Amino acid sequence: MISKEEIIQKSKECGFEDVGFTTAEPFETHREFLAGRQAEYGWAETVGLELMKGTDPKAIMKDAETVIVLMEVYFRKAYPRHMEGHFGRCYLDDDRVTKDGLSQRIKAFRGFLRDNGIDSKVPFNLPHRVAAARAGMGTFGKNCLFYSNNVARQSSWVLPIAVVINQKLAPGDPTLEMGCPDWCRNACIAACPTRALKGNGTIDPRKCISYLTYFGDGLTPKELREPMGIYVYGCDRCQNVCPRNAAWLAADLPVNEKVAAKAGAFDLSALLRMDKPYFESQIWPHMFYMSADDLWRWKMNVSRAMGNTRDPMYTDDLICEFEENEDQRVQAMCAWALGRIGGEKAKTALDRFLRKSAGLIREEVTDALAQCR
Ligand code: SF4
Ligand code: SF4
């Protein structure tokens, strides 16, 4: 039987900067939390996330004894600025499809456990942040994110990975608490543009920009278009404004060359004009919550982001996409974006669209013309 020290040593060799241990007892408080908030989290069950099942490690592995938590710093290297502005950082180097980074390190760690007679499972639905806090590795913020006690200057740019195993190991001392300083006047709550954060350390995920960008239903309502700003997929606003993250944001980080190499593919103009083959080869392997059938949502998000830049450099793209895309949700947002950017060219195009449009699109174009300066 291998010792805890040997497991810690191997986790470091696999590139994990921190590792913790907790028992395989059910996460009872989290289960009660989910049960009491079905209105906010019921959607997660319908998309197959099985969050309730994940609260009991023994439902994942019958003879589970311990949950090992490996801590990954996903913002160890800097990302291109325009990508950080439009995409949540945790998605920029996500290898869950390509399996060319983190997945290989997890595999190597599990291989070590297996070679030493330990079974392991890496469930996607176990409450990994709660597990990390129960292992004593960090605390929570009022933005509902997890802050490390030990790595990345104690910031929230970390991803705890829960590994359920069938060997008993001494657990850490839990730090299941809110770690925000008294002097922070709830900067995250004030900064959340869609009022998703409730102020008591909980969130309504359905109002969060991250959720809205990849699971939002239909055409984004008018009152959310401006608050959702320039984010296309994900949102980091409540982390960017948090003083607990300031030290890491000030760190001089080396460039993530792997992400920099694909930055051109994520240019807004390229995304607005992309077709299915482009999406499937360049985008989906890295950001996969939406399938090719949801290309309209990508384009709707991109056109909304373009509009919120208020930069006339996107006017031509928006005009072309309106004329060539038959999806009304995309057309509506292109019209809205043209109205928000304004200028003679946008106005002329909107006048032209008005003459040949009806119904919803006519309404959108009329509103866009009214705000066009
Ligand atoms: S990620 Fe964005 S939308 Fe979601 S809670 Fe944070 S600031 Fe609000
Ligand atoms: S912004 Fe303030 S209240 Fe929000 S998580 Fe950071 S420290 Fe806590």
Side-chain angles (χ1 to χ4, degrees), residues 33 37 39-41 43-44 47 49 51 74-75 79 83-92 94 127-130 132-133 137-160 175-217 220-251 287 289-290 297 300-302 304-305 308-309:
F33 168 82
R37 301 192 58 203
E40 283 114 323
Y41 288 92
W43 62 269
V47 298
L49 291 183
L51 298 184
Y74 65 79
F75 184 19
Y79 300 114
M83 294 188 87
E84 290 189 348
H86 299 305
F87 308 95
R89 290 187 184 91
C90 68
Y91 303 114
L92 290 178
D94 184 341
H128 50 283
R129 292 175 188 161
V130 183
M137 302 171 82
T139 61
F140 297 101
K142 288 185 193 166
N143 53 7
C144 301
L145 289 155
F146 178 82
Y147 288 73
S148 169
N149 280 338
N150 305 315
V151 297
R153 297 184 175 174
Q154 304 196 357
S155 68
S156 65
W157 313 109
V158 291
L159 173 68
T175 49
L176 281 156
E177 60 207 45
M178 196 68 79
C180 297
D182 290 341
W183 51 262
C184 177
R185 297 180 192 165
N186 300 330
C188 55
I189 295 159
C192 177
T194 50
R195 305 204 197 303
L197 297 172
K198 295 184 160 185
N200 57 356
T202 64
I203 184 172
D204 183 342
R206 298 164 305 170
K207 287 188 179 171
C208 178
I209 292 171
S210 294
Y211 173 93
L212 292 168
T213 55
Y214 34 70
F215 293 138
D217 197 17
T220 305
K222 285 207 174 97
E223 66 276 14
L224 286 178
R225 296 177 192 174
E226 201 177 320
M228 285 174 72
I230 62 168
Y231 277 112
V232 172
Y233 191 103
C235 170
D236 277 343
R237 192 160 163 76
C238 54
Q239 296 191 85
N240 287 340
V241 301
C242 175
R244 298 176 74 182
N245 280 336
W248 189 253
L249 288 173
M287 295 184 193
Y289 287 175
M290 291 180 268
R297 198 188 280 109
M300 180 182 72
N301 291 340
V302 171
R304 188 247 312 136
N308 282 323
T309 66

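Every value quoted in this text rests on a predicted model; they were computed, and no experiment measured them. In each ligand, atom 1 is the first atom listed, and ligand 1 is the first ligand listed.
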Among protein heavy atoms, which lies nearest [atom], and at what distance?
atom: atom 2 (Fe) of ligand 2; answer: C184 SG, 2.2 Å
atom: atom 6 (Fe) of ligand 2; answer: C242 SG, 2.3 Å
atom: atom 7 (S) of ligand 1; answer: C238 N, 3.4 Å
atom: atom 4 (Fe) of ligand 1; answer: C208 SG, 2.3 Å

Where's the contact between [X] and ligand 1, heavy-atom distance under 4.0 Å: side chain, backbone, both or neither?
X: N143; answer: neither
X: I209; answer: both
X: D236; answer: neither

- Message: The test is side-chain hydrogen bond (donor to acceptor under 3.5 Å, both in side chains); show your working for S148 and N150 and say whether it passes.
- Response: CA-CA 5 Å; S148 169; N150 305 315; 5.2 Å; no

- Quiz item: cation-pi between R244 and Y147, 6.0 Å / 45°: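 Cation-pi check for R244 and Y147: passes.
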
- Query: Do R129 and F146 meet the cation-pi criteria used here (NZ or CZ under 6.0 Å from the six-membered ring centre, within 45° of the axis)?
  - Reply: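 Relative to the ring axis of F146, which defines the angle, R129 lies outside at least one limit.
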
- Report, in ascending order of atom number, the atoms of ligand 1 lying under 4.0 Å from any heavy atom of I203.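 Those atoms are 5 (S).
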
- Assess C188: does it contribute an N, O or S atom lying under 2.8 Å from atom 8 (Fe) of ligand 2?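 Checking atom 8 (Fe) of ligand 2 against C188, no N, O or S atom falls under 2.8 Å.
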
- Is any side-chain heavy atom of C90 less than 4.5 Å from a side-chain heavy atom of L159?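 No, their side chains stay 4.5 Å or more apart.
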
- Query: Looking at R244, which atoms of ligand 2 are within less than 4.0 Å of one of its heavy atoms?
  - Reply: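 Counting from 1, the qualifying ligand atoms are 7 (S).
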
- Atom indices of ligand 2, in the order listed, that fall short of 4.0 Å to a heavy atom of A187: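 With A187 as reference, the close atoms of ligand 2 come out as 1 (S).
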
- Item | Gap between atom CZ of R89 and atom CG of D94 - 0.5 Å precision |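 Answer rounded to 0.5 Å: 15.5 Å.
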
- Side chain, backbone, both or neither: F140 near ligand 2, heavy atoms under 4.0 Å: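 F140 to ligand 2: no contact under 4.0 Å from either part.
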
- Would one find an N, O or S atom of C144, in either backbone or side chain, under 2.8 Å from atom 6 (Fe) of ligand 1?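 For C144, the answer is no, given that no N, O or S atom comes within less than 2.8 Å of atom 6 (Fe) of ligand 1.
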
- Message: Please determine whether any non-hydrogen atom of P181 lies less than 4.0 Å from an atom of ligand 2.
- Response: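 Within the 4.0 Å threshold, so yes.
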
- Task: For Y214 and Y91, run side-chain hydrogen bond (donor to acceptor under 3.5 Å, both in side chains): C-alpha distance rounded to whole Å, both residues' side-chain angles, the deciding distance at 0.1 Å, then the answer.
- Result: CA-CA 12 Å; Y214 34 70; Y91 303 114; 2.6 Å; yes

- Message: Is it the case that atom NZ in K198 sees more than 12 heavy atoms from other parts of the structure closer than 6.0 Å?
- Response: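 Enclosed.
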
- Task: Check whether more than 12 heavy atoms from other residues, nucleotides or ligands sit under 6.0 Å from atom CZ of R195, and answer yes or no.
- Result: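 It does not: R195 CZ has 12 such atoms or fewer within range.
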
- Message: Given G201, C180, G179, identify the one with the heavy atom nearest to atom 8 (Fe) of ligand 2.
- Response: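 The nearest heavy atom belongs to C180.
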
- Where does the angle between the aromatic ring planes of Y289 and F215 fall among parallel (under 30°), tilted (30 to 60°) and perpendicular (over 60°)?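 Because their plane-to-plane angle is under 30°, the rings of Y289 and F215 count as parallel.
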
- Kindly give the heavy-atom pair with the smallest separation between R297 and T213, and that separation in Å.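 Between these two residues, the closest heavy atoms are CD-O, 3.2 Å.
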
